[in-house]
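Below: the structure, in structure tokens.
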Amino acid sequence: PSAQTTWYLLHKPAGVLTSRRDPRGRPTVFALVPDAPGLTYVGRLDYLTEGALLLTTDGTAAHRLTHPSHEVPRTYSAYVRGDVIGAAQALRRGLMLEDGPVHVAEVAHERISRGLSRLDVTLTEGRNREVRRICEALGLEVDRLVRVRFGPIELGRLPKGAFRPLSARELALLSALS
């Protein structure tokens, strides 16, 4: 990433499209950040998924960060109902979805309350709705899905719908990836 480019971290809320515009008039991520010529998102989040979404004017870097060959890790916290312990074990052993095997870098889980658990999954590929499809295949019902990290960039305490520019340190970490 060069100094002449714009980089934002947005906490994308659920119910907002990762798209430039929507023919049906639904809100998009671009309504939540200042416009800049050439601004694009780095890796989509589906309509119901919230969390860390990078936006940049550096299209080359955006492509590099999302291309499967670069294996940039993305961490998701899925708040789920069901047998999270068995699901985590099955995921560590390996899981096949209709579009091929799932390659998980890390899996962790924590009980939140009676009947609700958090399943943390780190993937290095960005397949369409992959975490939701993993949970479905493992018999888990997803209440909420949040991307908490994209590569070295952490969502942290950024409020839903808020954005911030990336720090010089974060830009250096991103540069080191590509």
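Only a predicted model underlies this, so the values are computations on that prediction, with no experimental measurement involved.
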Item to check | Test log, rule side-chain contact (heavy atoms from CB on, under 4.5 Å), inputs Tyr76 and Thr122 | outcome: CA-CA 6 Å; Tyr76 298 83; Thr122 300; over 6 Å; no
Should [X] and [Y] be regarded as members of a common hydrophobic cluster, given that ILVMFWY residues are connected when their side-chain heavy atoms come within less than 4.5 Å of each other, either directly or indirectly?
| X | Y | result |
| --- | --- | --- |
| Val33 | Leu158 | no |
| Leu119 | Leu97 | yes |
| Leu9 | Val29 | no |
| Phe163 | Val146 | no |
| Val16 | Val131 | yes |

List the atom of [X], the atom of [Y], and the distance in Å for their closest heavy-atom pair.
| X | Y | answer |
| --- | --- | --- |
| Gly51 | Leu155 | CA-CD2, 3.9 Å |
| Leu65 | Arg74 | O-NH2, 3.5 Å |
| Leu123 | Glu130 | CD1-OE1, 3.6 Å |
| Pro101 | Glu125 | O-OE2, 4.1 Å |
| Pro37 | Thr57 | O-CG2, 3.3 Å |
| Gly161 | Leu10 | O-CD1, 4.0 Å |

Checklist entry - Can Tyr8 and Leu54 be said to form a side-chain contact (heavy atoms from CB on, under 4.5 Å), step by step? => result CA-CA 6 Å; Tyr8 297 127; Leu54 297 176; over 6 Å; no
Is it true that a side-chain atom of [X] and a backbone atom of [Y] form a donor plus acceptor pair closer than 3.5 Å?
| X | Y | result |
| --- | --- | --- |
| Arg149 | Ala52 | no |
| Lys12 | Tyr47 | yes |
| Thr49 | Leu45 | no |
| His70 | Val72 | no |

Note, [X] side chain near [Y] side chain (heavy atom, < 4.5 Å):
| X | Y | result |
| --- | --- | --- |
| Leu174 | Leu166 | yes |
| Asp99 | Arg127 | yes |
| Arg132 | Leu145 | yes |
| Arg81 | Leu116 | yes |
| Leu55 | Thr40 | no |

Next on the checklist: For Phe30, does the six-membered ring have the charged nitrogen or CZ of Arg21 within the cation-pi criterion, i.e. under 6.0 angstrom from the centroid and within 45° of the normal?
Outcome noted: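 No, Arg21 and Phe30 do not form such a contact.
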Item to check | side-chain contact (heavy atoms from CB on, under 4.5 Å) between Thr56 and Thr6, intermediate numbers included | outcome: CA-CA 5 Å; Thr56 184; Thr6 299; 5.8 Å; no
Checklist entry - Hey, mind stepping through His11 and Leu32 against side-chain contact (heavy atoms from CB on, under 4.5 Å) and telling me if it holds? => result CA-CA 9 Å; His11 185 158; Leu32 300 175; over 6 Å; no
Next on the checklist: Before you tell me yes or no, could you show the steps for Arg118 and Asp120 under salt bridge (Lys or Arg N to Asp or Glu O under 4.0 Å), namely the whole-Å CA-CA distance, both residues' side-chain angles and the distance that decides it to 0.1 Å?
Outcome noted: CA-CA 6 Å; Arg118 189 182 74 228; Asp120 295 326; 3.0 Å; yes
Return the [atom1] to [atom2] distance between [X] and [Y], rounded to the nearest 0.5 Å.
| X | Y | atom1 | atom2 | value |
| --- | --- | --- | --- | --- |
| Ser117 | Asp143 | OG | CG | 10.5 Å |
| Asp46 | Leu17 | CG | CG | 9.5 Å |
| His109 | Arg111 | NE2 | CZ | 12.5 Å |
| Arg147 | Thr75 | CZ | OG1 | 10.0 Å |
| Leu53 | Ile153 | CG | CD1 | 12.5 Å |
| Leu138 | Glu136 | CG | CD | 10.0 Å |

Checklist entry - With a 4.0 Å cut-off, would you call Arg164 and Glu170 a salt bridge? => result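 Yes, Arg164 and Glu170 are salt-bridged.
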Item to check | Intermediate values then yes/no, side chain to side chain donor-acceptor pair (under 3.5 Å), Asp22 and Ser19 | outcome: CA-CA 7 Å; Asp22 179 40; Ser19 179; over 6 Å; no
Next on the checklist: Would you say CD1 of Ile85 has more than 12 non-hydrogen atoms from neighbouring residues, nucleotides or ligands within 6.0 angstrom?
Outcome noted: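 No, CD1 of Ile85 has 12 or fewer neighbouring heavy atoms, counting only those of other groups under 6.0 Å.
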Next on the checklist: Could you walk me through whether Arg64 and Asp58 satisfy the salt bridge (Lys or Arg N to Asp or Glu O under 4.0 Å) test, starting with their C-alpha distance in whole Å, then the side-chain angles of each, then the deciding distance to 0.1 Å, before giving a yes or no?
Outcome noted: CA-CA 10 Å; Arg64 276 196 315 268; Asp58 186 341; 5.1 Å; no
